[in-house]
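Take a look at the structure below.
Atoms considered below: every heavy atom in the structure, side chains included; atoms not considered: hydrogens, waters and symmetry mates.
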Amino acid sequence: MQRRLILDNAARRIAAEAKPILFLDTCVMLDVFRVVERASNYAPFNVYVELAKKVKAQDVIIVYNDTVLSEYRFNAPAIVQEQRSKILNLNRRWNAFRSMKNKSAVNNDVILSVDKIIYAAESTLSTIIKDAIIVKDYDAALRSSYDVVLKHRAPAVRDSQFKDAYIFKTCLDLAKKSGKQIIFCSTNTKDYCDDSKKIHTEIAKQANENNVIVTLSLGEAYGKL
């Protein structure tokens with residue numbers, strides 16, 4: 001069962017655990033629906049499956065905050081619809097190619113089952129976050145995140161993304177208060193990286209000071225569990 005806890009209680013909860021802690025950004029959760037590449041490459045989805053197995057075996061603690069949850073709920077319907085369209089287009093392209101190859105008309109039957117793919121993504125993500133700790137929003141992180149935005153510091157250098165600053169600050173505070181190392185995972189290279197696609201120096205500095213490991217893919221994060 002998911003637990004919504006204030007920061008201090010969440011810190012005490014994970015401090016008592018010997019398991020690795022993985023803090024998920026919104027984009028990592030939404031990426032599970034970006035599934036079209038599965039038609040030719042299972043690897044991007046397989047890491048979600050393997051993480052779900054670890055969660056079921058109670059070998060890892062999943063954490064995120066209220067902002068991640070609200071962003072996910074807001075964006076997921078549009079992402080799902082986008083992927084449905086992409087899968088259907090992929091089916092149409094494949095059927096058109098098959099028709100040309102055979103030099104004869106063929107039925108436009110669906111090669112990929114959209115419903116099954118979306119359901120696989122939903123059920124896998126549900127397993128991953130089923131027992132997650134959700135850190136409630138709190139004023140201290142909100143205030144400091146506004147300061148990050150106003151000064152255009154990472155991760156709010158480019159588009160002044162308050163939510164990115166707040167999510168990362170929650171992870172930093174949780175690691176500091178708990179005394180535990182936390183693996184932070186975001187695929188948002190636009191805001192967490194510099195122009196060379198390396199983790200921004202300010203992000204890396206804050207992470208090192210607070211015992212946080214910043215990763216830029218779920219595969220990378222999984223490798224550190």
Mind checking the [atom1]-[atom2] spacing from [X] to [Y]? Nearest 0.5 Å is all I need.
X: Glu71; Y: Asn65; atom1: CD; atom2: CG; value: 9.0 Å
X: Asp164; Y: Cys27; atom1: CG; atom2: SG; value: 8.0 Å
X: Lys136; Y: Leu69; atom1: NZ; atom2: CG; value: 12.5 Å
X: Glu122; Y: Asp115; atom1: CD; atom2: CG; value: 9.5 Å
X: Ile14; Y: Ser178; atom1: CD1; atom2: OG; value: 3.5 Å
X: Ile61; Y: Lys180; atom1: CD1; atom2: NZ; value: 7.5 Å

Shortest non-hydrogen separation from [X] to [Y] and the atoms involved:
X: Val68; Y: Asp25; answer: CG1-C, 4.2 Å
X: Pro20; Y: Val60; answer: O-CG2, 3.4 Å
X: Ala120; Y: Ser123; answer: O-OG, 3.2 Å
X: Asn188; Y: Ser186; answer: N-OG, 3.1 Å
X: Leu125; Y: Phe33; answer: CD2-CE1, 4.4 Å
X: Tyr48; Y: Val28; answer: OH-O, 2.6 Å

Do you reckon [X] sits in the same ILVMFWY cluster as [Y], going by side-chain contacts under 4.5 Å, direct or chained?
X: Leu88; Y: Ile117; answer: yes
X: Leu225; Y: Ile21; answer: yes
X: Ile118; Y: Val49; answer: yes
X: Tyr119; Y: Leu51; answer: no

Any idea how Phe184 and Phe168 line up, ring-wise: parallel (<30°), tilted (30 to 60°), or perpendicular (>60°)? perpendicular
Using the rule given for side-chain contact (heavy atoms from CB on, under 4.5 Å), can you reason through Ile129 versus Met29, listing the C-alpha separation, both sets of side-chain angles and the distance that settles it, and then say yes or no? CA-CA 9 Å; Ile129 65 175; Met29 294 167 65; 4.2 Å; yes
Under 4.5 Å between any side-chain heavy atoms of [X] and [Y], yes or no?
X: Asp131; Y: Ile62; result: no
X: Tyr72; Y: Ile79; result: no
X: Arg4; Y: Asp66; result: yes
X: Ile133; Y: Arg13; result: yes
X: Arg84; Y: Gln81; result: yes
X: Thr170; Y: Phe23; result: yes
X: Tyr222; Y: Leu22; result: no
X: Leu5; Y: Val135; result: no

Under a 3.5 Å cutoff, is there a donor and acceptor pairing between the side chains of Tyr138 and Asp173? yes
Just checking, is any N or O donor in the side chain of Thr215 or Glu220 under 3.5 Å from an acceptor N or O on the other one? no
For Lys130, look at atom NZ and say whether over 12 heavy atoms of other residues, nucleotides or ligands are found less than 6.0 Å away. no
For the pair Ile182 and Asn211, evaluate side-chain contact (heavy atoms from CB on, under 4.5 Å) and give the outcome as yes or no after the intermediate values. CA-CA 7 Å; Ile182 296 179; Asn211 202 19; over 6 Å; no
Please step through side-chain contact (heavy atoms from CB on, under 4.5 Å) for the pair Gln2 and Tyr64, ending with a clear verdict. CA-CA 11 Å; Gln2 291 180 337; Tyr64 51 96; 2.8 Å; yes
Does a salt bridge link Lys205 with Glu202, judged by any charged N lying under 4.0 Å from a carboxylate O? no
Tell me, with the steps shown, if Glu82 and Lys86 meet salt bridge (Lys or Arg N to Asp or Glu O under 4.0 Å). CA-CA 6 Å; Glu82 173 189 310; Lys86 286 184 177 181; 3.4 Å; yes
Run the side-chain contact (heavy atoms from CB on, under 4.5 Å) check on Asp59 and Lys19 step by step: do they pass? CA-CA 6 Å; Asp59 291 334; Lys19 304 169 188 176; over 6 Å; no
Say whether, by atom type as modelled, one donor and one acceptor occur between the side chain of Lys177 and the main chain of Arg12 under 3.5 angstrom. no
Is Thr124 reaching over with its side chain to a backbone N or O of Ala121, donor-acceptor style, under 3.5 angstrom? no
